[in-house]
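Notes for the one structure printed next.
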Amino acid sequence: MPLYEALAEEFEAEHPDADVTIDSEDFSTLITNAPRILSTSNPPDLIKLASFGNLVKDEMIIGLDGYADAYGWDDWPQSQFLSARVAADGQTRGTGSLYAVGPGFGLTGVYYNKSLAGEIGMTDPPESVSEFEDLLDRAREKGLLPVMVNGKDGGTAFLLQNLQMGHAGTSEPMQAWTFNQPGADIDTEPTVRAAADLQAWGADGYLPDDVNSIDQSAAPIRFEEGEGVFFPSGNWHAPGLDESSGAFGFFLFPPMEEGGPYSAMTAGSNLAISARSEHPHEAAAFLDFVQTDATARELTVRLGGLIPAGPESAPMPTTERGSAVSDTVAAFQHLVASDGLVDFMANATASIQVSTIVPSIQSLLGGQITPEELASQLEDGYERELGR
């Protein structure tokens, strides 16, 4: 990934004795293979993680509380570390010791093609799901594809989660489920209603006919080329979209009712230190560097499209007015102020995205299961992976 390569170069420039080597792997594959990678005789010092699974319980990564104290991370806004804290049971997140940090945060919302949005009369972002659906209707009536989205590897899960939180009227139940808190359940009426909405969007022609075969590499390219008025995805695509033409904007997925609470999925681009690391102190120094160094923070925005982590006093890198990157930064700041940030449902367990979420949504859109069956499958997969 260009961001981490650039961060490595900057760290080496600041620390001439350091040598940082970056190994890359498809992220879905990395998530699945993380335990195997960490259990080898020569594991990486740092590994990028989306969720922890049994890595904490099996003592494959180290706690960072000592480094947090040494570097002063404890004095920073603690909400940024919430999803990377794991309780003593090794599973429940949102509390306990810190196990990962990173350069910045992803954020999901909806990109729009400014030209095509103008054709359907969109002057401002929709303020409710019904307003959004009106725009989707107008796009379809004009012969435009309303929504470009990748169903092969989980982009449709962004839509499902937003709709679920909208029907629930709050993100708290979803956050509790994602954090593996006792009693949390996703086999609920809001999930069923969200699944019914998503299935209807597919049946009504709002999504691509080949949605289940589109992956996260193809979707942004097709969107850049003019296929789709809207593209639900994350801020990591913002730099590329700006570089392609600068003709794209970004808004938060709207609440179910106008005036309702906004929620959006976010997660740190988290790096954990291997328990077998030969250079844990140097790895921790790198983790502090990517959060605090001014150049590193600028790279995090410009190359990664991510919102920089770090102390509250650290300046926010400037962004070009009217750019997609600028829109994502503004959206994140709005959500921080309104406490509307929630983790991705895909991070509930180490492999639930691949094992359950993606195949279940694909079956839903293919008409092979009902919304009720999807909600049941998600909870069954969750319980199975947590060993409950």
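What you are looking at is a predicted structure, and each value in this text was computed from that prediction instead of being measured.
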| Trp73 vs Leu98, side chain to side chain contact (heavy atoms under 4.5 Å, CB included): CA-CA, chis, key distance, verdict | CA-CA 10 Å; Trp73 302 345; Leu98 182 67; 4.1 Å; yes
Quick one: do Arg297 and Gln291 satisfy side chain to side chain donor-acceptor pair (under 3.5 Å)? Show the steps, please.
CA-CA 7 Å; Arg297 290 172 59 83; Gln291 297 176 93; over 6 Å; no
Worked verdict on Arg276 versus Asp45 for salt bridge (Lys or Arg N to Asp or Glu O under 4.0 Å) = CA-CA 8 Å; Arg276 297 185 179 184; Asp45 295 299; over 6 Å; no
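The minimum heavy-atom distance between Glu385 and Ala350, with the atom names listed, is OE1-N, 4.3 Å. The shortest heavy-atom contact between Tyr99 and Ser97 is CD1-O, 3.3 Å.
Ring pair Phe231/Phe223 is tilted by interplanar angle, where 30° to 60° counts as tilted. In this structure, Phe11 and His15 have tilted ring planes: the angle between them lies in the 30° to 60° band. Between Tyr112 and Phe251, the two ring planes are tilted [angle within 30° to 60°].
Rounded to the nearest 0.5 Å, atoms OG1 (Thr349) and CD (Glu383) are 11.0 Å apart.
Side-chain contact between Gln353 and Asn347 is absent, with no heavy-atom pair separated by less than 4.5 Å. With a 4.5 Å cut-off on side-chain heavy atoms, Leu7 and Val20 do not count as touching. Side-chain atoms of Thr108 and Trp236, non-hydrogen and from C-beta on, do get closer than 4.5 Å to each other. Between Ile47 and Leu271 there is no side-chain heavy-atom pair separated by less than 4.5 Å. Annotation: side chain of Asn212 is in contact with side chain of Leu365 (closest heavy-atom distance under 4.5 Å).
In terms of modelled atom types and a separation under 3.5 Å, the side chain of Glu257 and the main chain of Ser128 share no donor-acceptor contact. Remark: side-chain polar atoms of Asn235 are paired, donor with acceptor, to backbone N or O of Gly305 under 3.5 angstrom. Checked by atom type and distance alone, the side chain of Arg222 never pairs as donor or acceptor with a backbone atom of Glu227 at under 3.5 Å. Under a 3.5 Å cut-off, the side chain of Asn54 and the backbone N or O of Lys57 do not form any donor-acceptor pair.
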Hey, can you pull the donor-acceptor pairs under 3.5 Å for the side chains in residues 183-198, sequence neighbours left out?
residue: Asp185; atom: OD1; partner: Asp187; partner atom: N; Å: 2.8
residue: Thr188; atom: OG1; partner: Thr191; partner atom: OG1; Å: 3.3
residue: Thr191; atom: OG1; partner: Gln164; partner atom: NE2; Å: 3.4
residue: Thr191; atom: OG1; partner: Ile186; partner atom: O; Å: 2.7
residue: Asp197; atom: OD2; partner: His167; partner atom: NE2; Å: 2.6

Which donor-acceptor pairs under 3.5 Å do the side chains of residues 326-333 make with protein atoms, sequence neighbours left out?
residue: Asp327; atom: OD2; partner: Phe250; partner atom: N; Å: 3.1
residue: Thr328; atom: OG1; partner: Val325; partner atom: O; Å: 2.7

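Of the charged side-chain nitrogens involved, at least one lies within less than 4.0 Å of a carboxylate oxygen, so that Arg93 and Asp343 count as a salt-bridged pair.
The aromatic ring centres of Trp177 and Tyr382 sit less than 6.0 Å apart.
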